[in-house]
Amino acid sequence: MPQQSQTSLLMQRRFLPYFITQFFGAFNDNIFKNVLLLFVAFAGVGALPVSSHLFINLAAGLFILPFFLFSASAGVLADKYEKSGFIRKVKLAEIGIMLFGAIGFITESYLILLILLFLMGTQSAFFGPVKYALLPQQLTDKELVPGNALVETGTFLAILLGTLGAGVIASADNANYIAAGCVVLFALFGYFASRSIPEAAASAPDLTFRWQPIKDTKKTLAIAKSDRVIFQSIMAISWFWFLGAAYLTQFPNFTKIYLNGSESAVSFLLALFSIGIATGSMACDKLSNHRIEIGIVPLGSLGISIFGWLMASSVPDSLPTFESFNQFIGYQPLWPLFTYLLLLGVSGGIFIVPLYAMMQQRAKITERAQVIAALNIFNSLFMVGSAILGIVCLSIIELSIPQFFLLLAAFNLLVALYLFNQVPIFVVRFLLWVTTHTMYRVTHKNLHHLPEKGGALIVCNHVSYMDALLLSGAYPRLIRFVMQEEYANLPPIRRFLKRAGVIPISSTNRGSIRRAFNQVEQDLNDGHIVCIFPEGHLTNDGEIKEFMRGMDIILRRSPVPVIPMALKGLWGSYFSRYKGQACQGRPTRFWSKVEIEAGEPVSPEQATTHTMRQKVAELRGACR
């Protein structure tokens, strides 16, 4: 994937109109909600039909309620009908809602605005499934991560700008008229952008739709639970929104009570958090090399706990009274807290993007929107749970807000440990990829020859002890390596290597050889990729030695395609036998160029030891 993948997506019609549409959707939602809440906060006595506290709680509940009521039906409709047309209908509905909202703002009819908040939640409930289900139809698998990174970036920037914009609108003269005009105008912007979204065919046109919300909800949740990986992704994403709701809800009181900050300071903390998530989302695409790298998810979760804990622990014991916003942001004892909050957001962005991409890629085409609908239902449940936890901890148990934040960090640490236990191989592989690409300037060439599905045998030259680590990080599929038994059975790493699919072999032990060949046969027949170094040992002079006949035995038992690969630039490194033995003396080369190249697959009938050695040598060329 080219390095400019994110920028190039924003230049293409198959993505840009969609991006603008979803941006204005999130932006307008937050303009409407926050202007309404600000109007309520400063409403005169008798202007509200109920007390302001009850009104605010009703507003929150009425916006979330449609996600329980309508998400399942929205998922069925999004799978049944062509998606770009469906989006335009939803955006037209938004314009109608905002026209009534404009009337509500102008007439200061808070009861109408409260009802319209429910209708806005309904519109969002119908937009959510089609918004995420459209992406896999318009983007390739390799574009899903950068595409989702841009969507999450746009969403959180829209939330931030909408929140800040609401403050500007509410404080202006004739605020009700300005608010009325803005919500209609931004709804129009979203609709006109949606008119340029390319057609996306219906995923399941034969679906039968009947208005049966309870039955549809049960069926939608059953679809989500039928695939364990999808369900775990949904739970992890919903946990992220649980944490996000908990933090964002407490920011105003946290800033006012514990940081002596004003409304501008609240906006500043919100901006740091949102910019952090946007930055983390974009960084995730780079860190994962533009592919779905599930190993980064537990690390993002760990970052949420670490920086959440540090942020809550870095509140100064005493603070002056700040007379201006500049004094607040210029007070140096608060800078560590600002930094940790920003990094908390970055960790959240890194955490969330691969999960969305994984869920979209893994869901069946005919059920994708219904899976997203299930996600929206669980998101809503978790956000309600977040509010309940906040009430219990802060009002009943009477924890302080910093203590509440510490509790969230501790709960999330348990989630991080669970996630690590689910995918330890992918976490370690990602860390190894980061390590090797920090040590070397690694480039990949023609790795598209490696199959995305099915069994295959990789044969490669053997230059250094880093070879397997470099190859394992080069491709998203798990590669199972045949390794010398003395290294594979080292006590500290034996269990981990076994879980990673490493196949131990000893050339002096017939039983070990037999077990290794049986395991290779089973793995290839099960559709895995197996890598062997047919030379049998590290090169002593940088040249490719004769290939041993083990490859022929493997192919007789499991006739699969054979992919030649070559490692270039590792001879002379600290981990090669350039000095007679590997890892001798001090390293003398730093950040040297290394290239990994794959050749075209060779049929098992043509893949003799002589032929494959020749192909590997041609790939490597003169670069040792």
Side-chain angles (χ1 to χ4, degrees), residues 1-5 8 139-146 285-293 361 429-430 432-434 436-437 439-464 466-482 524 527-535 539 542-544 547 551 554-555 559-571 573 591-624:
M1 187 96 181
Q3 291 297 312
Q4 298 299 318
S5 56
S8 65
L139 306 179
T140 66
D141 285 348
K142 293 182 179 179
E143 292 171 330
L144 272 182
V145 170
D285 178 38
K286 300 294 184 183
L287 288 171
S288 60
N289 199 27
H290 316 294
R291 68 194 189 194
I292 299 175
E293 181 54 78
Q361 183 192 58
R429 190 183 72 170
F430 173 74
L432 291 173
W433 182 86
V434 172
T436 54
H437 284 65
M439 294 169 59
Y440 304 107
R441 287 175 289 169
V442 183
T443 57
H444 301 151
K445 189 175 180 181
N446 296 327
L447 296 192
H448 64 274
H449 290 311
L450 293 171
E452 294 184 2
K453 296 180 180 179
L457 182 68
I458 293 174
V459 294
C460 186
N461 58 318
H462 203 7
V463 188
S464 76
M466 298 296 291
D467 295 354
L469 303 183
L470 285 162
L471 290 172
S472 66
Y475 199 63
R477 287 186 65 185
L478 184 66
I479 300 175
R480 296 164 186 258
F481 292 89
V482 177
L524 290 174
H528 297 297
I529 295 181
V530 175
C531 177
I532 62 172
F533 298 102
E535 296 166 88
T539 178
E543 298 302 326
I544 300 175
F547 282 9
M551 188 189 75
I554 291 172
L555 293 177
V560 296
V562 185
I563 294 95
M565 293 191 72
L567 290 161
K568 312 175 192 180
L570 282 169
W571 179 246
S573 72
W591 212 45
S592 53
K593 291 182 179 180
V594 172
E595 185 175 286
I596 303 171
E597 183 175 359
E600 294 184 2
V602 179
S603 66
E605 297 79 17
Q606 298 177 326
T608 63
T609 53
H610 175 75
T611 301
M612 297 314 300
R613 180 186 178 281
Q614 186 177 2
K615 287 186 176 294
V616 171
E618 289 173 357
L619 286 174
R620 195 208 66 175
C623 181
R624 296 190 298 174

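Hydrogens, waters and symmetry mates play no part in the numbers below; they use all other heavy atoms, side chains included.
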Counting C-beta onward and ignoring hydrogens, is there a side-chain heavy-atom pair between [X] and [Y] closer than 4.5 Å?
X	Y	result
Gln606	Thr611	no
Thr609	Pro534	no
Glu293	Arg429	yes

From [X] [atom1] over to [Y] [atom2], what is the distance, rounded to the nearest 0.5 angstrom?
X	Y	atom1	atom2	answer
Leu139	Gln361	CG	CD	12.0 Å
Leu470	His444	CG	NE2	7.5 Å
Ile596	Leu619	CD1	CG	12.5 Å
Ile458	Phe481	CD1	CZ	7.0 Å
Arg480	Cys531	CZ	SG	13.0 Å
Glu143	Asp285	CD	CG	10.5 Å

Of all the heavy-atom pairs spanning [X] and [Y], show the shortest one and how long it is.
X	Y	value
Ala607	Val562	CB-CG2, 3.6 Å
Leu447	Ala598	CD2-CB, 4.0 Å
Arg620	Leu567	CG-O, 3.9 Å
Pro601	Pro561	CB-CB, 4.3 Å
Pro604	Leu555	O-CD1, 4.2 Å

*asked:* Using side chain to side chain contact (heavy atoms under 4.5 Å, CB included), reason through Leu450 and Met565 one step at a time and then give a plain yes or no.
replied: CA-CA 10 Å; Leu450 293 171; Met565 293 191 72; 4.1 Å; yes

*State which residues pass salt bridge (charged side-chain N to carboxylate O under 4.0 Å, His left out) with Lys568; sequence neighbours excluded, sorted by chain then number.*
Glu595, Glu597

*What residue among Val602, Ile563, Ile529, Val560 forms side-chain contact (heavy atoms from CB on, under 4.5 Å) with Leu457?*
Val560

*In this structure, which one of Leu471, Val482, Thr539, Asn461 forms a side-chain contact (heavy atoms from CB on, under 4.5 Å) with Phe533?*
Leu471

*asked:* Tell me if a side-chain donor or acceptor on Arg477 pairs with a main-chain N or O of Pro451 at a distance below 3.5 Å.
replied: yes

*Salt-bridge criterion met for Arg613 and Glu535 (N-O under 4.0 Å)*: no

_Using side chain to side chain contact (heavy atoms under 4.5 Å, CB included), reason through Thr443 and Lys593 one step at a time and then give a plain yes or no._
CA-CA 8 Å; Thr443 57; Lys593 291 182 179 180; over 6 Å; no

*Can you establish whether the number of heavy atoms outside His610 located under 6.0 Å from its atom NE2 is more than 12?*
no

